[in-house]
Amino acid sequence: MSFAADVKTELCAAYANRLCCIKAELAAMLLFGGNADESLITLRTERTDIFKRVCILLKKALGYAERQTEPDIKVPLALVDELGITMEGGEAAIDEEIFAEECCKRAFFRGAFLMAGTVSDPAKNYRIELFAYNETVAALASEMLESYGLHPGSTSRKNYYVIYLEDYESVCDSLTVMGASRSMMEMAYVQIEKDINNQKNRQGNCFVANMDKAMAASARQCAAIDELARTGALETLPDGLKTVAYERAMNPEMTLSELAEKVGIGRSTLNRRLSKLVELGEQL
């Protein structure tokens, strides 16, 4: 299954016992997933676990236990007044008192996500989205996220609105708010793995850059030594410079530390002598 499907599976198993929270979650499901006509609100879901959860919430919140046929759930419009939902100009609106309590707000977010939400695979990117079919509900979703200190973006696609968050911290916070703590931990593990791999890549890139730099310096030193040897100037140099020149010419692949150990001098002394050789060679 996808990561989004796993999150919904976890949320469908969340225990709902307080009547206020049950009503808030059910209200969100109807607002974000319902299609209303003159007498009914119809919910359609392709997931059996969400279908069963809606039926359970309907019985607990409204005492409504009419037999439903998957994938559609039909709710009489007259019943949804108890959930604070009203129809205005053919569009659904809600009394925000239905999720005034913190626990109810979390339940409302969970219901909205179950019916009209998705979240990206954290191995690819970080993004969570809620879809709304009218502007009032979309604004409600934005206000709800902002109340948690989150800063959602919004856009429109064809005939619906999209409210989204697209950074690691915000997506983690959203999963925690909805009650998907196991999925949040899975996402955190993925982020830790990414950080480790990025650190390895940075270390590897740094190593390669240092090797390139060392090889370029060695090539410059060898070129200077070749010029000194070609002109006969090498034999006129002090023994210390001459020894370093011979050893570098014979061992162009050695690092400064390896070459210093071979010559039997300190690294800083070796570096000064090589710099002098380069200076003399470039003068020629």
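- Side chain to side chain, Tyr148 and Glu102 meet the donor-acceptor criterion of an N or O pair below 3.5 Å.
- In this structure, the side chains of Arg248 and Cys222 come closer than 4.5 Å at one or more pairs of heavy atoms.
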| said: Run Met29 and Glu25 through side chain to side chain contact (heavy atoms under 4.5 Å, CB included) and show every step you take. | reply: CA-CA 6 Å; Met29 288 174 158; Glu25 183 175 341; 3.7 Å; yes

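- The number of heavy atoms from other shown groups lying within 6.0 Å of NZ (Lys194) is above 12.
- Contact annotation: the side chain of Pro122 approaches that of Phe3 to within less than 4.5 Å [non-hydrogen atoms, C-beta and beyond].
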**Message:** Let's go through Asp49 and Arg53 carefully: what are the C-alpha distance in whole Å and the side-chain angles of both, what is the deciding distance for side chain to side chain contact (heavy atoms under 4.5 Å, CB included) to 0.1 Å, and is it a yes or a no?
**Reply:** CA-CA 6 Å; Asp49 53 355; Arg53 186 172 181 88; over 6 Å; no

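- A pairwise comparison of heavy atoms in Ser183 and Glu10 identifies OG-OE1, 2.7 Å as the closest pair.
- In this structure, the side chains of Thr176 and Ser181 stay at 4.5 Å or more apart for every pair of heavy atoms.
- The cluster map of Ile, Leu, Val, Met, Phe, Trp and Tyr, joined by side-chain heavy atoms under 4.5 Å apart, puts Leu79 and Ile56 in different clusters.
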Item to complete: Please test Gln191 against Tyr126 for side chain to side chain donor-acceptor pair (under 3.5 Å), starting from the C-alpha separation and ending with a verdict.
Response: CA-CA 10 Å; Gln191 177 62 27; Tyr126 302 117; 2.2 Å; yes

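- Taken to the nearest 0.5 Å, the NZ atom of Lys105 stands 12.5 Å off from the SG atom of Cys21.
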Please lay out, stage by stage, how Leu43 and Asn35 fare under the test side chain to side chain contact (heavy atoms under 4.5 Å, CB included).
CA-CA 6 Å; Leu43 287 176; Asn35 183 25; over 6 Å; no

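- Heavy-atom neighbours of Tyr246 OH from other residues, nucleotides or ligands within 6.0 Å: above the threshold of 12.
- Residues Met178 and Arg106 are not in side-chain contact: their nearest non-hydrogen atoms beyond the backbone lie 4.5 Å or more apart.
- Under a hydrophobic-cluster definition in which Ile, Leu, Val, Met, Phe, Trp and Tyr are linked whenever side-chain heavy atoms come within less than 4.5 Å, directly or via other members, Ile128 and Tyr168 are assigned to the same cluster.
- Although no hydrogens or angles enter the test, the distance criterion places a donor-acceptor pair under 3.5 Å between the side chain of Glu258 and the main chain of Thr255.
- Considering all non-hydrogen atoms of both residues, Leu40 and Lys74 come closest at CD1-CD, 4.1 Å.
- Both Met187 and Val119 belong to a single network of hydrophobic side chains, linked directly or stepwise wherever heavy atoms of I, L, V, M, F, W or Y lie under 4.5 Å apart.
- For the residue pair Glu129 / Thr118, no side-chain donor-acceptor distance below 3.5 Å is found, with atom types taken as modelled.
- The number of heavy-atom neighbours closer than 6.0 Å to CD of Glu166, taken from other residues, nucleotides and ligands shown, is above 12.
- Closest heavy-atom contact between Leu237 and Lys242: O-CE, 3.5 Å.
- Here the side chain of Asn251 pairs no donor or acceptor atom with the backbone of Met254 at under 3.5 angstrom.
- Looking at heavy atoms from C-beta onward, Met115 lies out of side-chain contact with Phe131 at the 4.5 angstrom threshold.
- Side-chain contact annotation: Thr9 with Arg47, donor-acceptor N/O pair under 3.5 Å present.
- Here CG of Leu31 is found 8.0 Å from CG of Asn134. Values are rounded to the nearest 0.5 Å.
- Two residues are said to be in side-chain contact when any heavy atoms from C-beta on lie closer than 4.5 Å; Lys59 and Tyr64 fail this criterion.
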Q. Ile50 and Leu11: side chain to side chain contact (heavy atoms under 4.5 Å, CB included), yes or no, with the steps?
A. CA-CA 9 Å; Ile50 295 179; Leu11 293 179; over 6 Å; no

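- Panel note: side chain Thr231, backbone Glu227; a donor-acceptor pair is recorded below 3.5 Å.
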- Under the salt bridge (charged side-chain N to carboxylate O under 4.0 Å, His left out) rule, what do Glu70 and Lys52 come out as? Steps first, then yes or no, please. CA-CA 9 Å; Glu70 197 171 352; Lys52 290 179 178 178; over 6 Å; no

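- Residues Cys12 and Leu114 come closest through the heavy atom pair SG-CD2, 3.9 Å.
- Hydrophobic clustering (side-chain heavy atoms under 4.5 Å, transitive across Ile, Leu, Val, Met, Phe, Trp, Tyr) groups Val137 together with Leu145.
- Between Gln199 and Arg202 there is a side-chain heavy-atom pair separated by less than 4.5 Å.
- Considering OG of Ser39 and CG of Leu77, their distance stands at 7.5 Å, rounded to 0.5 Å.
- The CD atom of Gln68 sits 7.0 Å away from atom CG of Leu58, with the distance rounded to the nearest 0.5 Å.
- Contact of the Thr45 side chain with the Asp72 side chain is not registered, since no non-hydrogen atoms from C-beta on lie closer than 4.5 Å.
- Between Ala24 and Cys104, the closest heavy-atom pair is CB-O, 3.4 Å.
- Grouping the Ile, Leu, Val, Met, Phe, Trp and Tyr side chains by contacts below 4.5 angstrom, directly or via other members, places Phe113 with Met185.
- The backbone N or O of Ala233 lies less than 3.5 Å from a partner atom in the side chain of Thr236, making a donor-acceptor pair.
- Put simply, CG on Leu165 and CG on Leu150 are 5.5 Å apart, with the number rounded to the nearest 0.5 Å.
- With rounding to the nearest 0.5 Å, the separation of CG in Leu130 from OG in Ser142 is 9.0 Å.
- When all heavy atoms of Gly117 and Lys8 are compared, the closest pair comes out as O-NZ, 2.9 Å.
- Counting heavy-atom neighbours within 6.0 Å of Lys276 NZ, excluding the residue itself, gives a total of 12 or less.
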